[in-house]
Amino acid sequence: MMKLRGLLVGLAAWYSVDAAAHPHSFIDMNTTFVVQEQQLVGLRMVWVMDEMTSADLLYDAQNAKSDSETWKKLAAQVMANVLGQHYFTDIYRDGKPVKYTNLPPEYRLSRQEHKAVLEFVLPLAHPQPLAGKPFSISTYDPTYFVDMSYQASSAIHLPAEMAQQCRFELFTPTPDASLQAYALSLDKNDSPGEDLQLGQQFAQRITLQCH
């Protein structure tokens, strides 16, 4: 359950108003598909952390300039933990996992008022032709300690070169009442059973289809 604490480099900022329920922290996501020569090559992701989650990160940065070594070191620490969890992202096509590399071509950490913002590109290991079977993409914390979600489909973007031939749908699950009650019953120190895959059951899913 503690895996995602590493997202904020082990800082003690994981708390919420309701201390007796999962999730304890929230990340608003924004994703843009990255394409080259009619092939999907990656995902450009922006994660905006809630104010409580951001507090210690921003405190450590204090008044440092955005291009300072302080911000670069914090970004590297946070990104290393994200990479350790395979970007918290599953990508499937035709029932098979799409692999990606563990070295993002770019990433940065910044401040947006009282929130920390992580931006990075998730690179596919092999470019995928746009046309063909649909892609299925989900980003989530397996333990559901952190809620990672898109607030609306407008947070997902098709670049101009995809707009004419591709469409996507955002599916948001509605777990049954008993599963929601179970999540609400978990304390910070509780770990849901691995076989339950709690986070996956609350995870949104993007389906991308191109012709």
Side-chain angles (χ1 to χ4, degrees), residues 4 7 23 25-50 78-79 82-83 85-110 112 115-176 179-180 183 197-211:
L4 219 123
L7 179 61
S25 186
F26 300 86
I27 292 177
D28 287 346
M29 299 189 296
N30 190 297
T31 293
T32 301
F33 297 102
V34 182
V35 296
Q36 294 177 2
E37 300 178 349
Q38 295 298 301
Q39 294 182 312
L40 182 68
V41 297
L43 305 174
R44 183 177 298 277
M45 292 186 158
V46 180
W47 294 357
V48 182
M49 305 171 199
D50 68 78
V78 174
M79 197 70 229
V82 172
L83 295 176
Q85 295 299 318
H86 305 290
Y87 298 93
F88 297 97
T89 298
D90 293 336
I91 305 175
Y92 283 88
R93 193 177 203 188
D94 197 22
K96 300 175 182 178
V98 175
K99 296 181 179 180
Y100 29 82
T101 66
N102 203 35
L103 186 62
E106 57 184 271
Y107 64 89
R108 67 188 295 264
L109 187 68
S110 61
Q112 186 180 92
K115 297 180 180 180
V117 181
L118 177 67
E119 303 174 56
F120 61 91
V121 172
L122 184 164
L124 302 188
H126 306 286
Q128 295 284 317
L130 290 178
K133 297 288 186 178
F135 296 88
S136 177
I137 305 163
S138 296
T139 300
Y140 60 94
D141 167 21
T143 70
Y144 199 47
F145 190 87
V146 176
D147 178 279
M148 308 176 73
S149 60
Y150 299 99
Q151 295 305 302
S153 58
S154 58
I156 302 163
H157 308 280
L158 294 175
E161 55 266 49
M162 293 179 67
Q164 296 300 317
Q165 67 183 103
C166 301
R167 296 290 182 271
F168 71 85
E169 293 184 359
L170 176 64
F171 171 73
T172 300
T174 53
D176 62 39
L179 189 62
Q180 294 186 48
Q197 296 181 317
L198 185 63
Q200 190 174 42
Q201 298 192 59
F202 284 88
Q204 294 173 307
R205 183 177 68 252
I206 301 170
T207 300
L208 174 69
Q209 177 70 71
C210 300
H211 302 284

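Computed from heavy atoms alone, side chains included, the values below leave out hydrogens, waters and symmetry copies.
Using a 4.5 Å heavy-atom cutoff, the side chains of Met45 and Glu119 are not in contact. Within the 4.5 Å cutoff, no side-chain heavy atoms of Leu43 are placed close to those of Thr32. Contact annotation: the side chain of Gln201 never approaches that of Pro173 to less than 4.5 Å [non-hydrogen atoms, C-beta and beyond]. Considering only heavy atoms from C-beta on, Gln200 comes within 4.5 Å of Tyr140 through its side chain. For the pair Tyr107/Val78, no side-chain contact is recorded, criterion being any heavy-atom separation below 4.5 Å from C-beta on. In this structure the side chain of Leu208 never reaches within 4.5 angstrom of the side chain of Arg167, judged on heavy atoms. Taking the side chain as every heavy atom from C-beta outward, Lys99 and Pro97 never approach each other to under 4.5 Å. The side-chain heavy atoms of Lys115 and Asp50, taken from C-beta on, include no pair separated by under 4.5 Å.
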Dump the intermediate steps for side-chain contact (heavy atoms from CB on, under 4.5 Å) on Gln112 and Val48, then the final yes or no.
CA-CA 8 Å; Gln112 186 180 92; Val48 182; 3.9 Å; yes

Worked check of side-chain contact (heavy atoms from CB on, under 4.5 Å) between Val117 and Val46
CA-CA 7 Å; Val117 181; Val46 180; 3.6 Å; yes

With side-chain contact (heavy atoms from CB on, under 4.5 Å) as the test, would you mind laying out the steps for Trp47 and Asn30 before giving the verdict?
CA-CA 7 Å; Trp47 294 357; Asn30 190 297; over 6 Å; no

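We find that Arg44 and Glu106 are joined by a salt bridge, their nearest charged nitrogen and carboxylate oxygen being less than 4.0 Å apart.
Between the side chain of Gln209 and the backbone N or O of Gly132 there is at least one donor-acceptor pair closer than 3.5 Å. A donor-acceptor pair is defined here as one N or O able to donate and one able to accept, closer than 3.5 Å; such a pair exists between the side chain of Asp141 and the backbone of Thr143. Judged purely by atom type and a 3.5 angstrom limit, Ser149 has no side-chain atom pairing as donor or acceptor with the backbone of Gln151. Gln204 places no side-chain N or O within donor-acceptor distance of the main-chain N or O of Thr172, the cut-off being under 3.5 Å.
In terms of heavy-atom proximity, Gln128 sits nearest to Arg93 at OE1-NH1, 3.4 Å. What you find for Phe26 and Pro23 is that their closest heavy atoms are CE2-CG, 3.5 Å. The shortest non-hydrogen separation linking Leu124 to Leu40 is CD1-O, 3.3 Å. Contact detail for Leu130 and Cys166: the closest heavy-atom pair is CD1-SG, 4.4 Å. The heavy-atom pair separating Leu198 from Leu179 by the smallest distance is CD1-CD1, 3.7 Å. Across every non-hydrogen atom of Pro123 and Pro105, the tightest pair is CG-CD, 3.8 Å.
Other residues, nucleotides and ligands contribute at most 12 non-hydrogen atoms within 6.0 Å of the CD atom of Glu169. The neighbour count for His157 NE2, taken as heavy atoms of other residues, nucleotides or ligands under 6.0 Å away, is above 12.
Rounding to the nearest 0.5 Å gives a distance of 13.0 Å between OG1 of Thr139 and CZ of Arg205.
Using modelled atom types and a 3.5 Å distance limit, the side chains of Ser25 and Asp147 yield no donor-acceptor pair. Side-chain polar atoms of Thr31 and Tyr150 form a donor-acceptor pair below 3.5 angstrom.
Checking Leu170, Leu122, Thr89 one by one against Ile137, the side-chain contact (heavy atoms from CB on, under 4.5 Å) holds for a single residue, Thr89. Checking Ile27, Val82, Val146 one by one against Phe88, the side-chain contact (heavy atoms from CB on, under 4.5 Å) holds for a single residue, Val82.
Aromatic rings of Tyr87 and Tyr100 (six-membered ring for Trp) have centroids within the 6.0 Å cut-off, being under it.
In this pair, Phe33 and Phe168 present their aromatic rings tilted. The plane angle is within the 30 to 60° band.
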